[in-house]
Undergrad: 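The structure follows.
These values consider heavy atoms only, across backbone and side chains, with no hydrogens, waters or symmetry-generated copies. For reference, positions follow the sequence shown, starting with 1. Just so it is clear, the structure is predicted and the values come from calculations on it, not from any experiment.
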Amino acid sequence: MSQLEQLMLDQAPCMMLLVEPAELRILRANQVASRTLGYAPEALLGMYITEIESALQDVFYWEEVRAGQCLEIDNQESYYQCADATLLTVSKSVRLLEHEGGRLLLVLARDVGQERQVEAALEQTLSQLRATLESTGNGILVIDWQGHIASLNRLFSSIWNIPETLLLAQDDEAILARMAEQVEEADIFRARLQAIVDGGETEDMFRLRDGRVLECKSRPQYLGEHIVGRVFGFSDITERTLAEVALRESRDKLEERVLERTADLQAANASLEAERARQAELIRKLEEAQTQLLQSEKMASIGQLAAGVAHEINNPVGFVMSNLGSLQRYVTDLLRLQAAYEAREASLSEPEREAIRALKQEIDADYLREDIGQLLTETLDGLQRIKQIVLDLKDFSHVDSAERVWANLETGLDSTLNVVWNELKYKARVVKEYGRIPEIECLPSQLNQVFMNLLVNAAHAIETQGQITIRTGYDEERVWVEVEDTGKGITPEQMGRIFEPFYTTKPVGKGTGLGLSLSYGIVHKHGGHIEVKSEPGQGSTFRVVLPRQWQAGAGKEA
C-alpha cells in the first residue's frame, strides 16, 4: 500500500480493519482503529480479528468465514476488546472485497457507546417530562410557533371535554375550535391562543358557557434565544370564584363561615399535596421496579440464548465425534492391512520392491503411520472440550429449571466461570477452594446470575493483575459461597449504599448499579443473605449464605 493510500485510509472517520478470511488475520488497520482500541499500529497487524471481536455472535460469524461462508453485515451492534481489556460498544459493517483473484473482508466500525448513553439519558429525561406533565395539577397545552399542538396532558382534555376521537385523530384545528366555542369571550380567547411569539407571560380568566371559570396562564417556550412555541396552563377556578363572590356578598354577616370554608380549602390543598407526593413516590418505585424487571428479563433471554446455542452445537458435535471414532477404527484397520502387505514385500521382485520403496519415501509412510493416530486423538480431544463448553452453557442457563430443584452450587460456579472466563482471564488468577458442599433446594439459574455478578465485579475491582479466590463451605443448616478479590476495596462511605439500585462506584458507562441490587433480591428470595468485608487497598470478600432447604415463605418480599 502506498503512503498516499495509507494517508487516505487514516483520514476515515471510523475504524477500518482489513481481514484475510482463511486465517482471520488483520492485514491493514487505520490510525482510528489503533487509537480507539489502544494498540500500536504494528501490533494490530497480524492479530486475529477474534482477539478484538469477542461477542458470541461475532465468534460464530468468523468461524463461518473461516469455513468459507463470507457474508456482508450492515450496522450490527457488537463489542470490541481494547488493549486495556475494556469493552467498546460499536456499530460495525463488513464488506466483501475481491482483490487480485482473492477475497478480503473490510470491517468498518465506530464507537457508539457515547450515543447509547446519550439515548438513555434522553429517554430518561423524556420519561420524567411525561410523568411531570401528567402529574401537574393544571391542564397543559403546548402550541408550537406554526400554531400546531405539540403536546397536552390528560387533565387538559378532561377540563375542556375533548372527545377521544378528536385526540386520536390529532385534528389540531378541530380541538382549538371546540375550545373556543365553549368560551363566552371567544374572540379574545382565540387571540390569546394565536399570540405565540409574544415574549411576555400572561394570566387571564375565561368564563365558559356551562358556567365554569378557567384560569389561563401562559409563557413563551424558548430554544436558545428564539421563541419556538407557547405553554398554556389551565386550571378550573370555578369553586374559588364562587367562594370569592360569596365572600364579597356576605363578608359582614358570614365571616365565620368564610373562615371555615378557607380552612376546608386549605385542608383539601394539603390533602392534594400529600396525594401528589405519594403518587410521585409510587411513580419512582414503579420505574425502579420496571428497570429491575427489564434487567431480569434480559438475563433470562441471555440464558435462553445460551441454552439454545448449546443445544444447536451439541447435535453436530455428537455426530462428528461418532464419525471420528469410526474413522479412527478404519485407519487402525488400514494400518493393519498395510503392515500385512509389508510383511509380504520380501516376496516381490526387486523392481517391484524398488517402486514400493520410492512411493514410501515420496509420501513419508513412516511419518504418516506415526502422525495419523496422534491427529485423530487430538481432534477427538478438541471435540470433547467443545462438548464440555456446551454442557457448561446449559448448566449456566438452566432454562428447563423454572421451579426449585436440588442442585450443586459448585457445579454452577464452574459453569459460570467458563461463561465469564473471557472477563477474568486478563485480570486475575482464579483459585478454587471448594468444600464439597451438599446439594441445596434452589433456583440454579438465578443463583448463577448472582455468582456471575460477583465474579465480574471482582474482576472490575482489580486494576492491573490480581487474584480471585472462590471458597465454599457448609454446616448442618446452611451453605455459603465466598468470592474474594485483591482489588481496590470499598470505602466505608460506599459500603452502606452498594446494594441500592442504580448506585455504582464504576466509571460512567461501565456499570448500571443494578448487579448487586438484583443479587441481593435473588439471595433474599432464597431465604439467605449476603455478607461483605472490605478494606480500601486490600480487596473485598462477598459471602452468599443460603439455607440447605427452601424455607416456607422465602421470597415473598423479593
Side-chain angles (χ1 to χ4, degrees), residues 85 87 292 295-296 298-299 302-303 306 392 395-398 407-435 437 440 442-463 466-474 478-491 494-506 510-535 538-546 558:
L87 291 177
Q292 294 191 17
Q295 181 75 0
S296 299
K298 182 172 71 174
M299 292 302 297
I302 292 174
D392 287 338
D395 288 341
F396 174 76
S397 62
H398 280 285
N408 189 306
L409 298 187
E410 292 174 352
T411 302
L413 282 167
D414 288 337
S415 63
T416 304
L417 273 173
N418 279 338
V419 172
V420 302
W421 181 242
N422 191 62
E423 188 78 21
L424 307 182
K425 63 182 179 181
Y426 299 104
K427 302 292 288 295
R429 182 171 69 94
V430 177
V431 177
K432 301 178 184 178
E433 298 179 1
Y434 288 172
I437 60 178
I440 69 169
C442 63
L443 300 172
S445 62
Q446 294 191 9
L447 290 180
N448 285 344
Q449 293 179 24
V450 174
F451 301 149
M452 180 179 69
N453 286 333
L454 295 181
L455 289 169
V456 171
N457 284 349
H460 288 172
I462 298 174
E463 296 181 344
Q467 177 173 305
I468 297 175
T469 304
I470 306 173
R471 300 186 186 91
T472 62
Y474 68 98
R478 304 175 303 167
V479 300
W480 57 83
V481 176
E482 282 187 358
V483 177
E484 178 183 354
D485 64 70
T486 58
K488 56 189 177 181
I490 305 171
T491 65
Q494 296 168 341
M495 184 69 73
R497 302 188 61 193
I498 58 175
F499 293 111
E500 292 182 8
F502 308 107
Y503 178 77
T504 178
T505 60
K506 298 175 184 177
K510 187 147 187 174
T512 63
L514 290 173
L516 285 179
S517 174
L518 291 173
S519 299
Y520 179 87
I522 292 172
V523 173
H524 181 72
K525 180 168 63 176
H526 282 74
H529 63 276
I530 301 179
E531 301 172 358
V532 186
K533 293 188 297 184
S534 183
E535 184 176 345
Q538 301 298 319
S540 305
T541 301
F542 283 78
R543 170 181 275 207
V544 177
V545 181
L546 297 166

Undergrad: In sequence, state the C-alpha distance, the side-chain angles, and the governing distance for L447 and L546, and then conclude on side-chain contact (heavy atoms from CB on, under 4.5 Å).
TA: CA-CA 10 Å; L447 290 180; L546 297 166; 3.8 Å; yes

Undergrad: So which heavy atom on S415 is nearest to which on N448, and how close?
TA: OG-ND2, 4.3 Å

Undergrad: So K425 and V430, do their side chains get closer than 4.5 Å, heavy atoms only?
TA: no

Undergrad: Under a 4.5 Å cut-off applied to non-hydrogen side-chain atoms, are L454 and V450 in contact?
TA: yes

Undergrad: Check whether any side-chain heavy atom of W480 lies under 4.5 Å from a side-chain heavy atom of I437, and answer yes or no.
TA: no

Undergrad: For L87 and E423: C-alpha separation, side-chain torsions, deciding distance, then whether side-chain contact (heavy atoms from CB on, under 4.5 Å) applies.
TA: CA-CA 10 Å; L87 291 177; E423 188 78 21; 4.3 Å; yes

Undergrad: Do E433 and V431 touch side chain to side chain, with heavy atoms closer than 4.5 Å?
TA: yes

Undergrad: Can you give me the closest heavy-atom contact between G466 and T486, atom names plus distance?
TA: CA-OG1, 3.4 Å

Undergrad: Against V479, only a single residue in V544, L409, N408 fulfils side-chain contact (heavy atoms from CB on, under 4.5 Å); can you say which?
TA: L409

Undergrad: Just do the side-chain contact (heavy atoms from CB on, under 4.5 Å) check on E484 and R471 with the steps written out, would you?
TA: CA-CA 8 Å; E484 178 183 354; R471 300 186 186 91; 2.5 Å; yes

Undergrad: Would you check, one step at a time, whether the test side-chain contact (heavy atoms from CB on, under 4.5 Å) holds for I470 with L417?
TA: CA-CA 10 Å; I470 306 173; L417 273 173; 3.7 Å; yes

Undergrad: N453 and Y520: side-chain donor and acceptor closer than 3.5 Å?
TA: no

Undergrad: Write down the atom of F542, the atom of I530, and the distance for their closest heavy-atom approach.
TA: CD2-CG2, 4.2 Å

Undergrad: Does a side chain donor of either E410 or T472 reach within less than 3.5 Å of an acceptor in the other side chain?
TA: yes

Undergrad: If you take all heavy atoms of A459 and K427, which pair is closest and at what distance?
TA: O-NZ, 3.1 Å

Undergrad: Look at the side chain of S534 and the backbone N and O of G539, then say whether any donor-acceptor pair between them is shorter than 3.5 Å.
TA: yes

Undergrad: What closest approach, in Å, do A85 and Y426 show between heavy atoms, and which atom pair accounts for it?
TA: CB-CB, 4.2 Å

Undergrad: If you round to the nearest 0.5 Å, how far is CD1 of I462 from CD1 of I468?
TA: 4.5 Å

Undergrad: Any donor-acceptor pair under 3.5 Å linking the side-chain atoms of Q538 with those of K488?
TA: no

Undergrad: Please name the pair of heavy atoms, one in V532 and one in I490, separated by the smallest distance, quoted to 0.1 Å.
TA: CG1-CD1, 4.5 Å

Undergrad: When you compare the side chains of Q446 and H526, does any donor N or O come within less than 3.5 Å of an acceptor on the partner?
TA: no

Undergrad: Quick check for you: to the nearest 0.5 Å, what is the distance between E482 atom CD and E531 atom CD?
TA: 8.5 Å

Undergrad: Drop me the distance from H460's NE2 to L424's CG, to the nearest 0.5 angstrom.
TA: 9.0 Å

Undergrad: Measuring from atom OG of S445 to atom CD1 of I522, what distance do you get when rounded to the nearest 0.5 angstrom?
TA: 8.5 Å

